[in-house]
Every structure is written in C-alpha cells, then in structure tokens.
Amino acid sequence: LERLIAELEQARRPRPRPLLSPLTPPATRLDMIPRQEHVKRALEVAAVGIHQVTLIARGDSADAYALAGWLNAYVPGRASIVRPCPCGNYGDARLTCICTPEAITAHLARPDVAQAMLADIVVTVPPPATISLAPGEPDERVVERIAAARLRQAQEERVDLDNQPFVIALTDSAASSLLRAAVRQIPMSGMRLRQMLAVAASIAKLAGEPVIKASHLAEAFNYRPRLAGEE
C-alpha cells in the first residue's frame, strides 16, 4: 500500500485547463435536470481531474444522456453510458427487471460494458422517485467551483523538471487509516486503488484542501463500480 501511494504521488497527470468553458454548448443545463444531485457531484469531480466517467442508466435513460452530454461538452469523451441489464431495470427496488440471471451475466460480460466499468468514476443514474420542476443549483456556480479547483491545482501542485504536476500527496493520517481498513475489507486491484486515490485528490482540490482527507477518500470510494468484477 505504501508503495502504491508513493507511486501515485510521483505519477504524472495531465494538467487541467484552469478555466472552464464548453467546447460546444451543452444541450441541457445541469440546473434543468431535476434532482440527481449525487450524479451531478460526480461530474463536477470528473471535470476537475479530467476523470473518465461511466453512468449506469436505470429505467428511463433520458437523465443519463443529458448528464453525460453536459460533461462531454466541457471535457469531450469523458462520460459514457451503460445499462445494468438488457431491460435496464436490474438493481432498482422500484422497477421490475424481466431479464434472466443468464441474460444479466451475459450483458455485464460484454466487452463494451466491462470496459466502461473500468472508468475512474462509476455512478448510477436512477429514475427519479418523484417529478420535480424546481430548478437545481445554477450551472454558473458549478462551473465556478470547477474552475477555482483547477486554478488551485495549477498553482499549488509541485512540478517536476519537465514542468509536470505531481499528484497531491496522501498525508492525512485519518485518510491513511481509512484506506488501509478499506483495502483489508474489500479487495481492490492496484489499478482501482490508484484510480480511487486520484479521484480523492480531485475532491480535495474542490474542497480547497492541500492533502487528501478521510472525507475525500470516503466520497471517492463511493464512486467505485458495484455491478461486477472486484465488487
């Protein structure tokens, strides 16, 4: 574990653009998508660290496509969408899945689905429990937070001789203890651990923190896939 943390600290990552403006206008604003706050937060984290995102669309996938379109307007190709099963209802307590166990297993084993589940951030987009017409947090406020986090990353992170930024160091003792406990309880590959730490670093930047803390690590842990493989 110590070796992986040291490798992450020395790893080079692409420097995000400090400013954030859409390369193409997003078809839908985040504040026009009702609820889905957990998914919106994941997209915000992804935009800070240029993380690959997979959205698991349950039920009607309209929200998932709108959310993916928003991120891809700012960071092209970073969001993809998969269904949890052929009918799309598997795993939702309020929806009836008509797929057989064999069909679900075959669906999750498809190369495109298996590849999508390797993304840095994997989050489920459930069908809304209730219809809401209340607007969400304004897009402008979300974009301001992302741009501020990117600017902090560009200004605060150390650079090597090639002017490449080092990933934020994992120095918070509570976060280290939480990480060791998590590794003991849930097996994770080295790749998944590196991804999770990189996502936690982006969360720390959003919070304006110079190191990863336990709360940042816990949030990153929730963005792991839950459908297959390690889980």
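If you read the sequence from its start, that first residue is 1, and numbering goes on from there. What you see is a predicted model, and the numbers here were worked out from it, not measured in a lab.
- The two residues W70 and V142 have their closest heavy-atom pair at CH2-CG1, 4.2 Å.
- Contact check for Y65 versus D60: no side-chain heavy atoms found under the 4.5 Å cut-off.
- Considering CG of L30 and CZ of R141, their distance stands at 13.0 Å, rounded to 0.5 Å.
- With contacts defined as side-chain heavy-atom distances shorter than 4.5 Å, the pair P84/I56 qualifies.
- Between G91 and R58, the shortest heavy-atom contact is O-NH1, 3.3 Å.
- Here the side chains of R192 and S189 are in contact, with some heavy-atom distance below 4.5 Å.
- At a threshold of 4.5 Å between side-chain heavy atoms, the hydrophobic network of Ile, Leu, Val, Met, Phe, Trp and Tyr places I81 and L95 in two separate groups.
- Remark: K40 engages E37 in a salt bridge, criterion side-chain N to carboxylate O under 4.0 Å.
- Side-chain contact between L217 and L179: present, with at least one pair of heavy atoms (C-beta onward) separated by less than 4.5 Å.
- Residues C87 and T96 share a closest heavy-atom pair of SG-O, 4.5 Å.
- At least one donor-acceptor pair under 3.5 Å links the side chain of S177 to the backbone N or O of S173.
- Scanning both residues, A46 and L71, for their nearest heavy atoms gives CB-CD2, 4.1 Å.
- Between P127 and D92 the shortest side-chain heavy-atom distance falls below 4.5 Å.
- Residues satisfying the side-chain contact (heavy atoms from CB on, under 4.5 Å) test with E140, not counting sequence neighbours, are R29, P138.
- Taking CD1 from I212 and CG from L178, the interatomic distance works out to 11.0 Å, rounded to the nearest 0.5 Å.
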Please step through side chain to side chain contact (heavy atoms under 4.5 Å, CB included) for the pair I50 and R150, ending with a clear verdict. CA-CA 10 Å; I50 319 297; R150 285 184 169 195; 3.0 Å; yes
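- A continuous path of Ile, Leu, Val, Met, Phe, Trp and Tyr side chains, each step under 4.5 Å between heavy atoms, connects V143 with I203, placing both in one hydrophobic cluster.
- Inter-residue side-chain proximity for H51 and R78 is flagged as unmet; no heavy-atom pair is nearer than 4.5 Å.
- Taking every heavy atom of both residues into account, I121 and A42 meet most closely at CD1-O, 3.8 Å.
- Taking the six-membered ring for Trp and the full ring otherwise, Y223 and H38 have centroids separated by under 6.0 Å.
- L197 and V183 fall within the same hydrophobic cluster, where Ile, Leu, Val, Met, Phe, Trp and Tyr residues are linked whenever their side-chain heavy atoms come under 4.5 Å apart, directly or through other members.
- Side-chain contact between Y74 and I146: absent, with no pair of heavy atoms (C-beta onward) separated by less than 4.5 Å.
- Taken to the nearest 0.5 Å, the CZ atom of R110 stands 13.5 Å off from the OG1 atom of T105.
- Of the N and O atoms on the side chains of D120 and Q52, not one donor lies less than 3.5 Å from an acceptor on the other residue.
- Atom CE of residue M117 and atom CZ of residue R224 lie 10.5 Å apart, to the nearest 0.5 angstrom.
- The number of heavy-atom neighbours closer than 6.0 Å to CD of E137, taken from other residues, nucleotides and ligands shown, is above 12.
- Looking at V45, V199, L206 one by one, the single match for side-chain contact (heavy atoms from CB on, under 4.5 Å) with E219 turns out to be V45.
- Counting heavy atoms from C-beta on, the side chains of V125 and Q36 come closer than 4.5 Å.
- The two residues A116 and V82 have their closest heavy-atom pair at CB-CG1, 3.5 Å.
- With hydrogens and angles disregarded, a donor-acceptor distance shorter than 3.5 Å links the side chain of H107 to the backbone of R83.
- Ion pairing of E209 with K213 is present here, as a side-chain N (NZ or NE/NH1/NH2) and a carboxylate O approach within less than 4.0 Å.
- Under the 4.5 Å side-chain heavy-atom criterion for ILVMFWY residues, no single connected hydrophobic cluster contains both I104 and I98.
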